[in-house]
Peer 1: 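Take this structure, written in structure tokens, and hold onto it; I'll ask about it next.
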Amino acid sequence: MAVGLLKKALPRLGLAVPAWPGVRCMTSRLYGTAAAQTQIHQPDNSVGSDKILTEPLKHPDFFRLSELFSLKDLFDARVHLGHKIGCRHRLMEQYLFGCRLEQDILDLDQTMEHLQQALNFTAHVAYRRGIILFVSRNRQFTHLIESMARDCGEYAHCRYWQGGLLTNANVQYGKGVRLPDLIVFLSTLNNVFQQHVAVRDAAKMNIPTVGIVDSNCNPSLLTYPVPGNDDSGPAVELYCKLFRMTINRAKDKRKQMEILYGLKSQND
Amino acid sequence: MRSIVRLGVGGVILRALLLRSCALRRSVSKMAASSGRVLKSFVQGCCGCSSVILPSIARNVILQKPAVTVLARLVCTSSTLQRKNIAAAGPEKYTQEFIKKQIEEFNIGKRHLANMMGEDPETFTQEGIDRAIAYLFPSGLFEKRARPVMKHPDEIFPKQRAVQWGEDGRPFHFLFYTGKQSYYSLMHDTFGKFLDIQKYQDRMRAEGLFSQETKQVNLIGSRWMIKEELEEILVQPISDHDCLRFIQLLERILALPYCSMEEEYIQRFRRALEVQSKKQKIEPLQYDENEVAFSTGEGRRKTATATTIVRDNGSGNITVNGVDYLHYFPVLQDREQLMFPFQFLDRLGKHDMECKVTGGGRSAQAGAIRLATARALLSFVTENEVESMRQAGLLTPDPRVKERQKPGQEGARRKFTWNKR
């Protein structure tokens, strides 16, 4: 990856990849490496690789993800259903449409916008060959999420979260491990209805997060919260389907662009 | 630790010096970046002594590459600072090249050994190697693991975990970030099988072909794997809780009516139970001059040893050391012990017995004869009866012996009389 080129690209960015605090670079997330960054010399197709990385950033919806879902799909999958009033989190009040028979209803218009942004970001991360980790502690959907991650070629962690997995990665995994570049929460709560440790750890390690927040969750630490139902089967299956299609699209697009610009630079 | 620093290329000497003197490895990279500040604090902070390079020169050293001799100030170190925590590094790691080299050396050494022993190097097996080593390096050590051994390096060096990720840093396994990838992938696959069986069941129900009378998996004579065996399969340490969870999942699968679909998968995690009675060595029957079948047995109890000869076609006569058993064992309890094996097998009046017994007291001798008789009777009896004898305790030697007296006590357990003053 051309590290220096990405740094030049950042000031030119539109809204596609907003700056989160303390980001160095997706590729330099190697835990435990020294501060020195190696310059990768690509004299032949430097222009081509530049194009590959900057071209998607010029369009607001480069991967055309808005055609993947509609408001009706979300409604049919029961994404708008929240928990009872007693479980409501104070910070989720902005995402609520209203309350019916003591059950909170989430505003699907807001959900649409947030979901669009979240999927777009995921697509860009997958396009740049980032590591995506799916996390959920809802035991009903463990198998589904792990299968989905395996089909995409990404990673999943739907099991008991050991303390130092992100913050003590050198000791847990071995030296020189590469941490995930994006963590997607399909449920931000753990089995005891407290916020998942990974939310806080990802914020500590400057890893961007996308999370489905229900009406009893805390959306504050997530980079891209998506208000929606995280307990119903159809809803989680819909999310899995959307993420899988996004990631596959992004990876296919990357291959296409490489062929396209690879040919172009050869012709030039 | 005294040394005059001769600075050579870049920060290499600087780093080596600091490593030797103070074992502050992490500060090395920081040293390269912010030389002066850290060095000063280091000098002030540590109670020990070490050679220190003046900050200004250090900064120059990193940027340019001159060969400069610098007179260092002598600072003393203490041994506590130099002590390294060797255990914290974990078990010793062997690189792939090292193992490959060891394998080459082993193969060459095998051929040399074959030449030495006058055998054909091509067809020299591991047993040949063991024999050769035992001949060339005879060892009287009791601990088998301490004796000289020459084996293939794969059996000697513990298996290392290969690096789990590729060149771009992406891990190979999709569950890598859980920490226990093989265990959780096993759970994932097993649960997948569970879901497959459920789907099949639903299909059968929909077609109306569902029935409860399906072939059941045979679980008799086998047991679930224990944690150690599971760890061996997964090549990864797991906890008791994990093992329990896995067994529970397998039990859940077995509770389904159509579990025979995945019988092969489940049998992989069961181990056959050894049948205890097969361990008994049963001597074949011997025949004497008059075509009468007889068998011998030996038994021990406390300090008494007994040898018996049990003959067939008898009428229940028992002779002990040449004397009738009624005279030798006047007490009823001892005679009951003698006749118990026969009574258990319903052969009370059918055998004659002749025994010799030495050592011990009257109870011990009776017990020894009983064990010897039971062992002798094994030759006359079917396998099921052998199993029932084993379960009755007739074939188990009694391990109880007199406990030794301990110093400071009067007997084995009895303490001296307690005096208040």
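Letters A, B, ... are given to chains in the order of the sequence lines, protein chains preceding strands, and every chain is numbered from 1.
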Peer 1: If you count the non-hydrogen atoms of other residues, nucleotides and ligands that lie under 6.0 Å from CZ in B:Arg268, is the total more than 12?
Peer 2: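 Counting neighbours around CZ of B:Arg268, more than 12 heavy atoms of other residues, nucleotides or ligands fall under 6.0 Å, so yes.
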
Peer 1: Within a strict 4.5 Å, meaning less than it, do heavy atoms of the B:Arg170 and A:Tyr155 side chains meet?
Peer 2: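 Counting from C-beta outward, B:Arg170 and A:Tyr155 do come under 4.5 Å.
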
Peer 1: Answer yes or no: does atom NZ of B:Lys193 have more than 12 heavy-atom neighbours from other residues, nucleotides or ligands under 6.0 Å?
Peer 2: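 Result for NZ/B:Lys193: enclosed.
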
Peer 1: Only pairs at least two apart or in different chains count here, so list each ring pair (Phe, Tyr, Trp, His ring centres under 6.0 Å) that has a residue in residues 168-191 of chain A.
Peer 2: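 Ring pair (Phe, Tyr, Trp, His ring centres under 6.0 Å) check on residues 168-191 of chain A returns A:Tyr173-B:Phe176, A:Tyr173-B:Tyr177, A:Phe185-A:His196.
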
Peer 1: For chain A, find its close neighbours in residues 239-252 of chain B: heavy-atom separation under 4.5 Å, sorted by number, or none.
Peer 2: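 B:Arg245 fall under the 4.5 Å cut-off.
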
Peer 1: Quick one: what part of A:Ile131 sits under 4.5 Å from any heavy atom of chain B, side chain, backbone, both or neither?
Peer 2: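 Both parts, heavy atoms under 4.5 Å.
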
Peer 1: Are more than 12 heavy atoms from other residues, nucleotides or ligands located less than 6.0 Å from atom NZ of B:Lys227?
Peer 2: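 Yes, enclosed.
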
Peer 1: Would you find a donor on one side and an acceptor on the other, under 3.5 Å apart, between the side chain of A:Arg159 and the backbone of B:Thr178?
Peer 2: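 Judged by distance alone, no pair lies under 3.5 Å.
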
Peer 1: Residue by residue, scan residues 202-209 of chain B and write down, ordered by number, those that have a heavy-atom distance under 4.5 Å to chain A; if none do, write 'none'.
Peer 2: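 From residues 202-209 of chain B, none sit under 4.5 Å of chain A.
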
Peer 1: For chain B, which residues of residues 142-154 of chain A have at least one non-hydrogen atom nearer than 4.5 Å to it?
Peer 2: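 Near chain B, by residue number: A:His143, A:Glu146, A:Ser147, A:Arg150, A:Gly153, A:Glu154.
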
Peer 1: Please determine whether the number of non-hydrogen atoms from other residues, nucleotides or ligands lying under 6.0 Å from atom OH of A:Tyr160 exceeds 12.
Peer 2: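 For A:Tyr160, atom OH is not crowded (no more than 12 foreign heavy atoms under 6.0 Å).
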
Peer 1: What's the spacing between B:His188 NE2 and A:Cys158 SG if we round to 0.5 Å?
Peer 2: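 These two atoms lie 9.5 Å from each other.
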
